[in-house]
Amino acid sequence: LGDLNAAHKLLPDVVGDVVSRLARRLRGETDRYIEVGVCQCLGALGKAATPLVHLLMERLKGRDIEIIRATGAALAKLQESQAVSKEFMEAAADEAAARLLAPNWEFRLQACAVLGSLGAVGMRGESALRKCLEDDDEAALVRAQAREALTKMRLQLQGGKDKSSQPLSQPMSPLQGGKSSQGSRSVGF
């Protein structure tokens, strides 16, 4: 019991060290798979990751769809653990919904990924996402990403488990539209 108490006293120092190491990795990393993994770790750390929310927000505004998804999922987990407020998440969703109006299809594609990854709070952009289903973009990527975002949100509302926070199993292009070995999931959009 004494060893357990001693270990418990060290826990805040260990967690603090982990958070600072993850911050260094996220600031200097160029490997997308490591960035995805770091985002997932931060989401799992709960309130201990609160000092790094600003780094997650930077990633949420990035260009790589898989990093955006991992970041949004991490933020959703942080909201569940009350490390970030619902108002903070709503502001992130509103900002993403506003990006759906951008003339550049890549910005709309990224915004769809953000909304789909934020969990139930992403529903704030539902009407804008539905309009994207008719988007006339390059290779129909925005339409596909909007459909996937709406599907994820519907699954969240139905209490289903979303697999988007699982690690990537194969390389993909940042603009590939999110297809992985998990295949596409459709719930009727």
Side-chain angles (χ1 to χ4, degrees), residues 26 29-33 35-40 43 55-79 84 88-158 160-189:
L26 203 53
E29 194 53 58
T30 58
D31 184 306
R32 72 190 299 237
Y33 296 103
E35 279 193 67
V36 165
V38 169
C39 290
Q40 291 170 339
L55 292 176
L56 290 173
M57 287 305 294
E58 289 173 11
R59 297 308 177 284
L60 202 61
K61 297 174 185 174
R63 296 181 60 103
D64 188 300
I65 299 299
E66 293 305 321
I67 294 171
I68 290 170
R69 286 182 181 151
T71 301
L75 287 168
K77 286 181 181 179
L78 291 177
Q79 182 190 1
V84 296
F88 178 86
M89 294 295 286
E90 288 173 346
D94 291 345
E95 183 178 319
R99 287 172 64 189
L100 289 174
L101 302 174
N104 183 316
W105 68 269
E106 290 175 311
F107 291 150
R108 296 191 307 275
L109 179 73
Q110 295 151 4
C112 290
V114 169
L115 290 168
S117 67
L118 288 178
V121 76
M123 290 300 290
R124 294 175 67 89
E126 181 183 16
S127 63
L129 278 169
R130 288 192 180 281
K131 289 179 186 171
C132 286
L133 294 175
E134 301 166 11
D135 201 298
D136 187 27
D137 67 283
E138 305 286 320
L141 293 174
V142 173
R143 290 191 301 273
Q145 192 67 46
R147 189 174 304 108
E148 184 173 330
L150 288 164
T151 300
K152 286 180 180 182
M153 286 187 261
R154 180 178 282 176
L155 287 172
Q156 283 283 324
L157 291 175
Q158 293 173 348
K161 185 71 175 158
D162 178 22
K163 298 177 182 173
S164 67
S165 61
Q166 293 179 352
L168 297 176
S169 57
Q170 62 179 293
M172 67 177 72
S173 161
L175 296 177
Q176 191 174 1
K179 294 215 179 206
S180 71
S181 65
Q182 298 162 354
S184 63
R185 299 172 298 278
S186 178
V187 187
F189 290 105

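Hydrogens, waters and symmetry mates play no part in the numbers below; they use all other heavy atoms, side chains included.
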request  = Over all heavy atoms of both residues, which pair between Gly119 and Met153 is shortest? Give the atoms and the distance, please.
outcome  = O-CG, 4.1 Å

ask   = What residues, two or more places apart in sequence or in another chain, satisfy side-chain contact (heavy atoms from CB on, under 4.5 Å) together with Ala146?
value = Cys112, Leu129, Cys132, Leu133

task = Considering non-hydrogen atoms only, spot the tightest contact between Trp105 and Leu141 and give its length.
result = CZ3-CD1, 3.6 Å

request  = Apply salt bridge (Lys or Arg N to Asp or Glu O under 4.0 Å) to Lys131 and list each qualifying residue two or more places apart in sequence or on a separate chain.
outcome  = none

inquiry  = Let me confirm one number: the NZ-CG distance from Lys152 to Leu157, rounded to the nearest 0.5 Å.
reply    = 14.0 Å

request  = With sequence neighbours left out, write down each residue that passes salt bridge (Lys or Arg N to Asp or Glu O under 4.0 Å) with Arg99, or none if nothing qualifies.
outcome  = none

message = Can you tell me how far apart CG (Leu75) and CG (Leu56) are? Round to the nearest 0.5 Å.
response = 5.0 Å

inquiry  = For the CZ atom on Phe88, are there more than 12 heavy atoms of other groups (residues, nucleotides or ligands in this structure) within a distance under 6.0 Å?
reply    = yes

task = Evaluate the criterion side chain to side chain contact (heavy atoms under 4.5 Å, CB included) for residue pair Arg124 and Leu118; output intermediate values, then yes/no.
result = CA-CA 10 Å; Arg124 294 175 67 89; Leu118 288 178; over 6 Å; no

remark   = Closest non-hydrogen contact found for Ile68 with Arg63 is CD1-C, 4.3 Å

request  = Please report the C-alpha distance between Arg59 and Glu35 in whole Å, then the side-chain angles of each, then the deciding distance to 0.1 Å, and finally whether the salt bridge (Lys or Arg N to Asp or Glu O under 4.0 Å) criterion is met.
outcome  = CA-CA 9 Å; Arg59 297 308 177 284; Glu35 279 193 67; 2.8 Å; yes

note = What one should report as the nearest heavy-atom pair of Arg69 and Ser117 is O-CB, 3.5 Å

Heavy-atom pair with the smallest gap, counting every atom of Gly125 and Leu100 = O-CD1, 4.4 Å

remark   = With sequence neighbours left out, the residues meeting salt bridge (Lys or Arg N to Asp or Glu O under 4.0 Å) with Glu58 are none

ask   = Leu115 and Ala93: which non-hydrogen atoms are nearest, and at how many Å?
value = CD2-O, 3.5 Å

key: Partner set under side chain to side chain donor-acceptor pair (under 3.5 Å) for Gln79, not counting sequence neighbours   = none

Test item: Arg108 side-chain N/O and Pro103 main-chain N/O as donor-acceptor pair under 3.5 Å = yes

request  = Find the distance between CG (Leu26) and CD1 (Ile67) and round it off to the nearest 0.5 Å.
outcome  = 8.5 Å

